[in-house]
Student: 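Before I ask anything, let me first share the structure, which is written out below as structure tokens.
Chain letters run A, B, ... following the sequence lines, proteins first, then strands; residues in each count from 1. As the structure is a prediction and not an experimental result, all values here were calculated from the model.
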2 protein chains.
Amino acid sequence: MKQITIKDVAKKLKCSVSTVSRAFNDKYDIRTETRELILKTATEMGYRPNPIARKLIQQRSFNIGVVVPEFINSFFPEVIIGAQEVLHEQGYQVLIMQSNESSELELKNVQTLLNNMVDGILISLSSETDNMDFYLNAIKEKMPMVFFNRVVEGLPASKVLFDDYKWAFFATEHLIMQGYKDIVHLIGSKDLTLTKNRTKGFEDAHRKHKLSPGKSEVAGFSMNSGECFIEKRIEENSLPQAILASSDPCAIGVMKILKANGFNVPNDIAVMGFSESKLAEHVAPPLSSVEQPTYDMGRTAALLLLEQIKNKGLFVPQSIVLNGRLNIRESSMKL
Amino acid sequence: MKQITIKDVAKKLKCSVSTVSRAFNDKYDIRTETRELILKTATEMGYRPNPIARKLIQQRSFNIGVVVPEFINSFFPEVIIGAQEVLHEQGYQVLIMQSNESSELELKNVQTLLNNMVDGILISLSSETDNMDFYLNAIKEKMPMVFFNRVVEGLPASKVLFDDYKWAFFATEHLIMQGYKDIVHLIGSKDLTLTKNRTKGFEDAHRKHKLSPGKSEVAGFSMNSGECFIEKRIEENSLPQAILASSDPCAIGVMKILKANGFNVPNDIAVMGFSESKLAEHVAPPLSSVEQPTYDMGRTAALLLLEQIKNKGLFVPQSIVLNGRLNIRESSMKL
DNA sequence: TTGTAGGCGTTATCAA
DNA sequence: TTGATAACGCCTACAA
């Protein structure tokens with residue numbers, strides 16, 4: 001796409017490039033008539049300032065990068081849409097990159113975004129990521145960055161989190177109250193803060209009801225991970241009474257295999273999801289799940305990021321914890 | 001993030017910037033030892049060439065932009081993952097932008113991507129888009145661009161399509177064979193090629209079976225659009241015998257409202273989706289749908305784009321039509 | 001094999 | 001109010 005440059009416009013109008021530049025950046029002195037003339041002919045010629053060159057000299061792009069571990073499920077897309085709402089309003093465009101739960105690809109994505117000089121980054125870590133060196137360094141170098149949902153401990157950065165402890169506690173308690181005792185908690189990834197909090201909530205709920213703390217087991221977040229877990233358990237003939245899954249897709253995977261093997265949910269075994277997805281109410285049986293405020297999470301993260309961009313250099317990292325809701329449906333209700 | 005520039009490296013090593021540059025672009029003569037020394041110290045210093053500056057001079061970025069109308073449903077994410085597979089392999093990074101089914105935002109997205117000088121664009125149009133001027137112009141200016149899934153007629157560009165005619169035909173025929181006669185076809189957007197093809201298939205299936213061609217009605221692609229449509233029909237007491245929806249989410253919306261109003265699917269009314277989503281087999285009742293090769297669509301589009309980038313200027317637009325499959329489940333089977 | 005210098009398309013700082 | 005010119009960080013003839 002051959003560019004028409006500022007020079008072409010200047011030549012045509014027999015004025016200097018700086019005058020043209022001024023016409024496009026209305027903070028400088030310029031006669032109104034000349035500005036209008038320039039703007040008019042420039043548009044006619046199809047000229048638009050080249051943002052690459054602009055970025056090179058201004059060191060800002062009005063682009064924000066978002067990195068997510070996956071977007072097959074509606075969770076992350078919803079968060080992104082929330083973020084877009086507030087960012088678009090402030091004149092920012094949103095570039096999305098997806099890391100396929102691979103820490104290597106995630107790193108590449110972040111670097112690509114930095115390379116393209118986005119003004120800030122919203123990121124949710126992949127389940128694989130454990131080395132934080134790159135991020136620590138980026139933070140030290142004052143790159144505006146907000147972590148959401150999937151974060152790790154001890155990162156001196158702003159974060160938007162969900163109250164995983166509380167809702168894992170309530171979800172577990174609900175299962176206990178329904179009479180299920182031998183409960184397995186599936187976790188998506190060991191290192192994430194979210195996992196630690198959920199596990200703690202899961203165990204504390206057991207303690208409160210004088211039960212020996214149940215077991216947590218690493219599975220993954222995907223539908224496939226749920227399938228694998230439960231297949232193994234069926235094979236081993238060691239089914240628990242209930243399962244608190246790492247995510248809705250994971251829960252649905254579990255239910256699928258259970259049904260395929262002739263088990264009844266919730267009578268033989270109860271299943272609960274996490275992070276309510278669009279699917280939950282439509283699957284059979286309808287899936288109980290913990291609902292998270294996805295759009296809000298995106299909006300909040302975006303606001304934190306904008307603030308950080310504004311106060312570059314002198315900002316205090318803050319963590320915001322969002323509340324949720326328990327949606328009880330058939331999959332966890334003893335008949 | 002303060003950049004370490006090529007100058008810093010040159011200064012430190014007491015050599016010229018061009019030598020450093022050469023070390024990073026191994027097509028020039030340079031002594032192996034000096035190259036290695038430079039590369040080593042450069043990495044130590046944390047230097048990486050600034051792609052912005054590089055782009056400015058090289059006019060290419062090894063970035064590909066993808067614009068989709070939505071990504072709440074798994075369809076587009078799957079296509080993107082397919083495209084990423086082949087693009088990553090060739091050293092390209094993939095930047096995704098989402099237009100929320102808004103043609104205005106879509107245009108902004110494309111412009112942002114062009115501004116950031118992506119080497120090419122994969123795009124699926126929003127349901128709102130009808131003005132093609134911008135795209136026609138971009139094509140004329142040789143911007144590598146491949147349209148997939150949601151395209152319009154008469155665009156002199158490469159396209160990857162699904163065989164909507166054929167599978168709308170088979171889907172309709174299946175409904176007819178099951179004994180449903182009064183069938184309504186929900187369409188997502190008037191202007192898209194896909195709509196025209198599906199409508200034709202829908203009508204031809206009626207003709208083949210000597211039925212008066214059924215009605216197509218604009219609804220939209222979303223779950224919400226399905227809900228609205230069927231709510232109105234219930235209110236008007238004008239329910240058809242079967243519905244061929246514009247998408248799975250749309251079909252699920254229809255089923256949800258029907259169930260909520262005490263209707264039985266498929267006995268009172270049959271429902272079929274389109275573009276099989278992960279949800280189809282898990283909803284109740286399991287949803288019949290037309291399965292499309294999403295990953296393949298992404299891969300194919302990416303390959304066409306790469307070819308177009310390589311042969312910039314002298315390429316012949318081609319359309320590739322992909323095949324699909326009918327997944328018959330309970331929602332469309334008369335008991 | 002290496003260095004010098006001009007240019008990619010802008011904006012910013014001076015003078016005029 | 002406008003114009004010349006030096007940056008921004010890099011690549012690449014050309015000269016050395």
Side-chain angles (χ1 to χ4, degrees), chain A residues 1-39 41-43 45-63 111-112 114-119 141, chain B residues 1-39 41-43 45-63 111-112 114-119 141:
Chain A
M1 223 167 164
K2 189 144 146 259
Q3 279 254 23
I4 294 151
T5 78
I6 202 171
K7 283 182 197 164
D8 301 323
V9 181
K11 205 187 293 171
K12 178 140 189 178
L13 283 160
K14 293 184 179 143
C15 68
S16 76
V17 290
S18 16
T19 314
V20 179
S21 173
R22 274 188 273 261
F24 276 88
N25 302 272
D26 43 27
K27 50 184 165 181
Y28 291 98
D29 301 334
I30 185 170
R31 224 172 57 211
T32 330
E33 306 149 37
T34 43
R35 179 180 34 251
E36 276 167 12
L37 177 64
I38 290 174
L39 254 37
T41 45
T43 353
M45 295 174 69
Y47 166 76
R48 277 177 314 121
N50 178 341
I52 295 281
R54 213 172 204 168
K55 265 192 275 196
L56 190 57
I57 199 159
Q58 291 191 154
Q59 310 283 20
R60 78 178 303 181
S61 63
F62 276 97
N63 287 167
Q111 283 174 338
T112 301
L114 293 179
N115 289 344
N116 282 278
M117 297 191 113
V118 293
D119 297 342
E141 300 198 27
Chain B
M1 220 164 168
K2 191 145 143 255
Q3 277 255 22
I4 295 152
T5 77
I6 202 171
K7 282 183 199 164
D8 300 323
V9 181
K11 206 187 292 173
K12 179 139 187 177
L13 283 160
K14 294 187 178 142
C15 70
S16 76
V17 291
S18 26
T19 314
V20 179
S21 173
R22 274 188 273 261
F24 276 87
N25 303 272
D26 42 26
K27 49 186 165 180
Y28 289 97
D29 301 334
I30 184 169
R31 224 174 54 215
T32 329
E33 307 149 37
T34 43
R35 177 178 39 247
E36 275 165 13
L37 178 64
I38 290 173
L39 255 35
T41 47
T43 352
M45 296 175 69
Y47 167 77
R48 278 176 313 119
N50 177 341
I52 295 281
R54 214 171 202 170
K55 264 191 273 196
L56 192 56
I57 201 160
Q58 292 190 155
Q59 310 284 22
R60 76 178 307 180
S61 64
F62 276 98
N63 286 165
Q111 282 174 339
T112 301
L114 293 179
N115 290 344
N116 283 279
M117 295 189 116
V118 293
D119 297 343
E141 299 198 27

Student: When rounded to the nearest 0.5 angstrom, what is the spacing between OG1 in A:Thr34 and CD in A:Glu36?
Tutor: 9.0 Å
Student: So, OP1 or OP2 of D:dC10: does either fall under 4.0 Å of a side-chain N or O from B:Asn50?
Tutor: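 No.
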Student: In whole angstrom, give the distance that lies between atom OH of A:Tyr47 and atom P of C:dG9.
Tutor: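 The answer, rounded to whole Å, is 10 Å.
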Student: Grab the CD1-P distance between A:Ile57 and C:dT10 for me, whole Å please.
Tutor: 11 Å
Student: May I have the distance from B:Leu56 (atom CG) to D:dC8 (atom C1'), rounded to whole angstrom?
Tutor: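 Spelled out: CG on B:Leu56 to C1' on D:dC8 is 9 Å.
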Student: Picking from D:dG3, C:dG3, D:dC11, which would you name as closest to the side chain of B:Ile6?
Tutor: D:dC11
Student: Which angle, rounded to 10°, do you find between the first-five-pair axis and the last-five-pair axis of the helix from C:dT1-D:dA16 to C:dA16-D:dT1?
Tutor: 50°
Student: Got a second to check how far B:Arg48's CZ is from B:Asn50's CG, nearest 0.5 Å?
Tutor: 9.5 Å
Student: Under 4.0 Å, counting only non-hydrogen atoms across every strand here, what does B:Ser21 touch: a base, just sugar-phosphate, or nothing?
Tutor: base
Student: Output the rounded distance in Å from CD (B:Gln58) to C1' (C:dG7).
Tutor: 14 Å
Student: Roughly, in whole Å, what's the span from CG in A:Asp8 to P in C:dC8?
Tutor: 11 Å
Student: What's A:Lys55 touching, base or sugar-phosphate or nothing? Going by heavy atoms closer than 4.0 Å.
Tutor: nothing
Student: For a quick check, tell me whether the side chain of A:Arg48 and the base of C:dG9 share a donor-acceptor pair closer than 3.5 Å.
Tutor: no
Student: Yes or no on side chain to side chain donor-acceptor pair (under 3.5 Å) for B:Ser16 and B:Thr19, after CA distance, side-chain angles and deciding distance?
Tutor: CA-CA 5 Å; B:Ser16 76; B:Thr19 314; 3.0 Å; yes
Student: Ignoring backbone atoms, test whether B:Thr5 places a side-chain nitrogen or oxygen under 4.0 Å from the OP1 or OP2 oxygen of D:dG9.
Tutor: no
Student: What pairs with A:Asn63 under side-chain hydrogen bond (donor to acceptor under 3.5 Å, both in side chains), at least two apart in sequence or on another chain?
Tutor: B:Asn116
Student: May I have the distance from B:Asn25 (atom CG) to D:dG9 (atom C1'), rounded to whole angstrom?
Tutor: 13 Å
Student: With respect to the phosphate group of C:dT10, does any side-chain polar atom (N or O) of A:Lys7 fall under 4.0 Å of OP1 or OP2?
Tutor: no
Student: Which listed nucleotide (C:dC14, D:dC11, C:dT10) is nearest to the side chain of A:Arg22?
Tutor: C:dC14
Student: Nearest 0.5 Å, please: how far is OG1 in B:Thr41 from CG in B:Asp8?
Tutor: 11.5 Å
Student: Is A:Arg31 close enough to D:dT1 that one of its side-chain N or O atoms is under 4.0 Å from OP1 or OP2 there?
Tutor: no
Student: Assign A:Ser18 to base, sugar-phosphate, or nothing according to its heavy-atom contacts below 4.0 angstrom with the strands shown.
Tutor: base
Student: Can you tell if the side chain of B:Arg54 reaches within under 4.5 Å of the side chain of B:Asn25, non-hydrogen atoms only?
Tutor: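 Answer yes - side chains close enough.
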Student: Whole angstrom is fine here: how far is it from CZ in A:Arg60 over to C1' in D:dG9?
Tutor: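 Checked: the CZ to C1' distance equals 20 Å.
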Student: Both A:Cys15 and A:Ala53 contact DNA chain D. Taking the nearest nucleotide for each, which residue is further toward the 5' end?
Tutor: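 Mapping each residue to its closest nucleotide by heavy atoms, the 5'-most match is A:Cys15.
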Student: Under 4.0 angstrom, heavy atoms only, what part of the nucleic acid is B:Phe24 near: base, sugar-phosphate, or nothing?
Tutor: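 Nothing: the residue B:Phe24, judged by heavy atoms under 4.0 Å, touches no strand.
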Student: Please report the interatomic distance SG(A:Cys15) to CD1(A:Ile30), rounded to the nearest 0.5 Å.
Tutor: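 So the gap between those two atoms works out to 8.0 Å.
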Student: Calculate the interatomic distance between A:Leu37 atom CG and D:dT2 atom C1'; express it in whole Å.
Tutor: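 Those two atoms, CG and C1', are 14 Å apart.
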Student: Please report the interatomic distance OG(A:Ser61) to NZ(A:Lys55), rounded to the nearest 0.5 Å.
Tutor: 5.0 Å
